[in-house]
Amino acid sequence: MTTERNEPVEVVVARLAAAQRGRRGALLPLLHDLQEELGVVGEEAVAAIAAELNLSRAEVHGVVSFYHDFRKVPAGRHIVRYCRAESCQSRGGAAVEAALAERLRVAMGETRADGQVTLEPVYCLGLCAVGPNALVDGVPIARIDGEAAIERIAARVAA
Ligand code: FES
């Protein structure tokens, strides 16, 4: 794999790791930087990070798999994170989720075939009193309680 700058992943990892050199707990910041730059933390990157930080691949892989924010495959152009936690669920969240998934034409946990949108679960956004809620490209959307709210989300991800 090469990047937009046409650098091999190992070169990107080495460059980003150099910025973390000497820092305690460099793994997480490095993973975040890599995710930010490449959009994914793939197997190639795991091996390169392990070599750079003198860790085992299993140690790096364990951290990557523990945190859901690290992606093994690229997300769509837009990311809709829909809350599946208790309060939103008690406000009809399951039915809204089904309607949202149908409107966006993507299953929960998937990216639509055209790469336009990824729909994924999140477990509480701290907006429990105004649910069901979602984050659309990092912007909170509250009170998703009907077709109008779903259409607003669809319009955001259409661009
Ligand atoms: S339960 Fe959905 S925002 Fe808290």
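Counting starts at 1 for both ligands and their atoms, following the listed order. Please read these numbers as outputs of a predicted model, since none were measured by experiment. Residues take their numbers from the sequence shown, with the count starting at 1.
- Just one of V40, V41, L34 meets the side chain to side chain contact (heavy atoms under 4.5 Å, CB included) condition when paired with F70; it is V41.
- With rounding to the nearest 0.5 Å, the separation of CD in E52 from CD in Q20 is 11.5 Å.
- At most 12 non-hydrogen atoms from other residues, nucleotides or ligands lie less than 6.0 angstrom from CD of E86.
- Contact annotation: the side chain of L100 never approaches that of I144 to less than 4.5 Å [non-hydrogen atoms, C-beta and beyond].
- Remark: Q116 CD to H78 NE2 distance equals 4.5 Å, nearest 0.5 Å.
- Looking at D69 and R81, a side-chain N of the basic residue comes within less than 4.0 Å of a carboxylate O on the acidic one, giving a salt bridge.
- Here 2 is the count of protein N, O or S atoms positioned under 2.8 Å from atom 4 (Fe) of ligand 1, waters not counted.
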